[in-house]
Amino acid sequence: MDEELIGIKNTALSLILESEDLESLEETKLQFLGRNGKLTLALKKITEVPVDERKEFGILANEVKQAIEEAIQSQSNKLSKRKLTRVIEKIDVTNPGIKPALGHLHLVTQAIEEITAVFAKIGFERVRYPEIEWDWYAFTALNFPQNHPARDEWETFFIDTPPDPEKGKMVLTPHTSSGQIREMEKSKPPIRMLNIAKCYRRQSDISHTPMFHQFEGLVIDQNISITHLKGTLDYFAKSYFGPKRISRIRPYHFQFTEPSFEVDVTCGVCLGKGCKLCKDGWLEMGGAGMVHPNVLIAGGIDPKQYSGFAFGWGVERVLMMKEGMQIDDLRLLYSNDLRFLKQF
Ligand code: DAH
């Protein structure tokens, strides 16, 4: 019996030392220590050993088992280290590395920066006002009487909070015009404000997103007239869209301006002649007008002393109107699809 155990130990140790990789070492382990392994089966024969020899047999068996286990452990350490060295040897440090991906500003942010720069050249100061605003600033102070149907055109999101006794309900700014009153409260004329901000309306289709951006201009000084407005519009059309583009104003209605206009810019493809893209040569850009006296009064400015003009246009809209830009679905701008964003 003892000889059998010694025999098992010797073959096991030499097989272990010979194993070249962790897989064959595992096989050897199973072959001896597994449920049907040689050593396991040999130990079961303890019942056949005469009772007075059993103690000695047990001690020897333990020694054999321990020796095999230790040999497996040390061989396993040796093989793992060898494997690691081999992997390290395979790393070629002279290989060029993988460049980290480099991002860039979102195209709407790029447009905002460009628009800001265009207006900065003629003295407009970029400002920002709250995106969560009181009804007073978004509507009432802009000459919208309570319950006036024109309010419906702004498809406003209301915040579910108790209304302020004076300023009314809380809303998400449906347009940047709310900044006009904020600006008048803050500064005295002359005012040249450019408010670029997020706006929110209950709308979503290929040409509308519930969140979008507007840029709002406000000029207030003595003797400001429509010619100043028209000059500013032409300046913007040429600077932003290109030297050959011009603007025109058409009569329209807004509560907060009198007179009010819609502003068009000549189409970038046909330059005003008319083509398949634009039909009659003009593309609609947004609203403008001379600030209504009631709005000046609401902002604490005397309309007998001062006059002003204002305009408000969509950032996404002018961005898409820029030459060469054709986005079929405006919602793409905010879908975070890198395949789209990387192009700009
Ligand atoms: N706030 C208007 C809108 O969202 C746009 C607008 C029209 C702004 C005329 C103005 C303006 O400042 O004078 O539709």
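All values below were derived from every heavy atom in this structure, side-chain atoms included, with hydrogens, water molecules and symmetry-related copies excluded.
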Nearest heavy-atom contact between Ala150 and Gln255 is CB-CG, 4.1 Å
Does a side-chain heavy-atom distance below 4.5 Å link Arg331 with His208?
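In short, these two side chains do not touch, never coming nearer than 4.5 Å.
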Taken to the nearest 0.5 Å, the spacing of Leu218 CG from Glu125 CD works out to 12.0 Å
NZ of Lys279: more than 12 outside heavy atoms within 6.0 angstrom?
no
A side-chain contact here means heavy atoms from C-beta on lying under 4.5 Å apart; do Leu233 and Trp313 qualify?
yes
For Asp264 versus Arg250, what's the shortest heavy-atom pair and its separation?
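For Asp264 and Arg250, the tightest heavy-atom pair comes out as OD2-NE, 2.8 Å.
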Distance check, rounded to the nearest 0.5 Å: Ile224 atom CD1 versus Ile220 atom CD1?
9.5 Å
Assigning hydrophobic clusters by single linkage (Ile, Leu, Val, Met, Phe, Trp, Tyr; side-chain heavy-atom cutoff under 4.5 Å), is Phe309 placed with Ile249?
yes
Begin with the C-alpha distance, continue with both residues' side-chain angles, and end with the deciding distance and a verdict on side chain to side chain contact (heavy atoms under 4.5 Å, CB included) for Tyr240 and Val318.
CA-CA 9 Å; Tyr240 186 74; Val318 298; 4.0 Å; yes
Are side-chain heavy atoms of Gln75 and Leu25 found at a separation under 4.5 Å?
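Counting from C-beta outward, Gln75 and Leu25 do come under 4.5 Å.
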Partner of Thr140 by side-chain hydrogen bond (donor to acceptor under 3.5 Å, both in side chains), out of Arg151, His148, Lys167:
Arg151
Between Glu133 and Arg182, is there a salt bridge with N-O shorter than 4.0 Å?
yes
Path from Leu33 to Leu22 over hydrophobic side-chain contacts below 4.5 Å
yes
Distance, nearest 0.5 Å, that separates CZ of Phe119 from CD1 of Ile196
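The distance works out to 8.5 Å.
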Answer yes or no: are there more than 12 heavy-atom neighbours, outside Asp160 itself, under 6.0 Å from its atom CG?
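Count not over threshold, so no.
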So if you build clusters from Ile, Leu, Val, Met, Phe, Trp, Tyr with side-chain heavy-atom gaps below 4.5 Å, do Phe158 and Met170 land together?
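Different hydrophobic clusters.
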Carboxylate-amine/guanidinium contact Asp234 Lys230, below 4.0 Å
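Between Lys230 and Asp234 there is a salt bridge, with a charged N closer than 4.0 Å to a carboxylate O.
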Are Leu41 and Leu30 in one and the same hydrophobic cluster, where Ile, Leu, Val, Met, Phe, Trp and Tyr link if side-chain heavy atoms are under 4.5 Å apart?
no
Taking the side chain as C-beta and beyond, is there a heavy-atom pair between Leu107 and Leu319 under 4.5 Å?
yes
Please report the C-alpha distance between Lys65 and Phe32 in whole Å, then the side-chain angles of each, then the deciding distance to 0.1 Å, and finally whether the side chain to side chain contact (heavy atoms under 4.5 Å, CB included) criterion is met.
CA-CA 9 Å; Lys65 194 174 174 200; Phe32 290 91; over 6 Å; no
Going by the salt bridge (Lys or Arg N to Asp or Glu O under 4.0 Å) test, which pairs reach into residues 284-313, not counting sequence neighbours?
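Matches after skipping sequence neighbours: none remain.
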Within a radius of less than 6.0 Å around CD of Gln305, do more than 12 heavy atoms belonging to other residues, nucleotides or ligands occur?
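Enclosed: over 12 neighbouring heavy atoms sit under 6.0 Å from CD of Gln305.
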Would you say Val291 ends up clustered with Tyr306 if hydrophobic residues are merged whenever their side chains have heavy atoms under 4.5 Å apart, either directly or through other cluster members?
yes
Any carboxylate oxygen within less than 4.0 angstrom of a Lys/Arg side-chain nitrogen, looking at Lys38 and Glu4?
no
Evaluate whether atom CG of Asp52 has more than 12 neighbouring non-hydrogen atoms of other residues, nucleotides or ligands under 6.0 angstrom away.
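Correct, the count exceeds 12.
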Side-chain heavy-atom pair Leu194, Val127 within 4.5 angstrom cut-off
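The answer is no; the side chains never approach within 4.5 Å.
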What about the rings of His175 and Phe256, do their centers lie closer together than 6.0 Å?
yes
Nearest 0.5 angstrom please: Arg54 CZ to Glu48 CD, how far?
10.0 Å
Establish, from distance only, whether the side-chain atoms of Asp337 and Ser335 form a donor-acceptor pair under 3.5 Å.
no
Indicate yes or no: does Asp280 engage Lys273 in a salt bridge with an N to O separation below 4.0 Å.
no
Give a yes-or-no answer on whether the side chains of Thr109 and Glu113 include a donor-acceptor pair shorter than 3.5 Å.
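Judged by distance alone, the side chains do not pair up.
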Distance, nearest 0.5 Å, that separates CG of Asn195 from CD of Gln180
9.0 Å
Just one of Phe139, Phe254, Trp136 clears the ring-ring contact (aromatic ring centres under 6.0 Å, His included) bar with Phe144, so which one?
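By the ring-ring contact (aromatic ring centres under 6.0 Å, His included) criterion, Phe144 pairs with just one of Phe139, Phe254, Trp136: Phe139.
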Take Leu172 and Ile132 through the test side chain to side chain contact (heavy atoms under 4.5 Å, CB included) and record every step on the way to the result.
CA-CA 5 Å; Leu172 296 182; Ile132 299 177; 3.8 Å; yes
Quick check: closest heavy atoms across Leu105 and Gln110, and the distance to 0.1 Å?
O-NE2, 2.9 Å
Between Met285 and Met321, is the side chain to side chain contact (heavy atoms under 4.5 Å, CB included) condition met? List the steps.
CA-CA 8 Å; Met285 190 156 73; Met321 278 167 57; 4.3 Å; yes
Check the angle between the aromatic planes of Phe311 and Phe124 and answer parallel, tilted or perpendicular using the 30° and 60° thresholds.
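Correct class here is tilted.
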Give a yes or no on this: more than 12 heavy atoms of other residues, nucleotides or ligands lie within 6.0 Å of atom CG of Asn95.
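Count over threshold, so yes.
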Would you say that more than 12 heavy atoms from the other residues, nucleotides or ligands in this model lie under 6.0 Å from the CD of Glu155, or not?
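Yes, the 6.0 Å shell around CD holds more than 12 heavy atoms from other groups.
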For a side-chain hydrogen bond (donor to acceptor under 3.5 Å, both in side chains) check, start with the C-alpha distance between Ser207 and Asp205, then their side-chain angles and the critical distance, and finish with the verdict.
CA-CA 5 Å; Ser207 55; Asp205 56 44; 3.3 Å; yes
Give the minimum heavy-atom separation between His104 and Lys342, together with the two atoms involved.
NE2-CA, 4.1 Å
pair Glu262-Arg248: side-chain heavy atoms closer than 4.5 Å:
no
Given the rule in the side-chain hydrogen bond (donor to acceptor under 3.5 Å, both in side chains) test, do Glu183 and Ser187 qualify, once you have shown the distances and angles that lead to the verdict?
CA-CA 6 Å; Glu183 180 72 20; Ser187 29; 2.8 Å; yes
Taking all non-hydrogen atoms of both residues, which atom of Thr173 and which atom of Lys198 are closest, and how far apart?
OG1-O, 3.2 Å
Can you check whether Phe340 and Tyr334 have ring centres sitting under 6.0 Å from each other?
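Centroid distance Phe340-Tyr334: not below 6.0 Å, so no.
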Can you list the steps and then say if Tyr137 with Glu185 is a side-chain hydrogen bond (donor to acceptor under 3.5 Å, both in side chains)?
CA-CA 11 Å; Tyr137 292 99; Glu185 281 180 354; 2.9 Å; yes
Grab the two heavy atoms, one from Ala138 and one from Val171, that are nearest each other, plus how far apart they are.
CB-CG2, 4.0 Å
For residues Arg126 and Ile112, determine if any side-chain heavy atom of one lies less than 4.5 Å from a side-chain heavy atom of the other.
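Arg126 reaches Ile112 side chain to side chain.
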Rounded to the nearest 0.5 angstrom, the OG1-CZ distance for Thr209 and Arg201 is 10.5 Å
Could you check if a side-chain atom of Val265 sits within less than 4.5 angstrom of a side-chain atom of Phe241, using non-hydrogen atoms only?
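Yes, side chains in contact.
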Donor + acceptor pair across side chains of Ser24, Asp21 (<3.5 Å)
yes
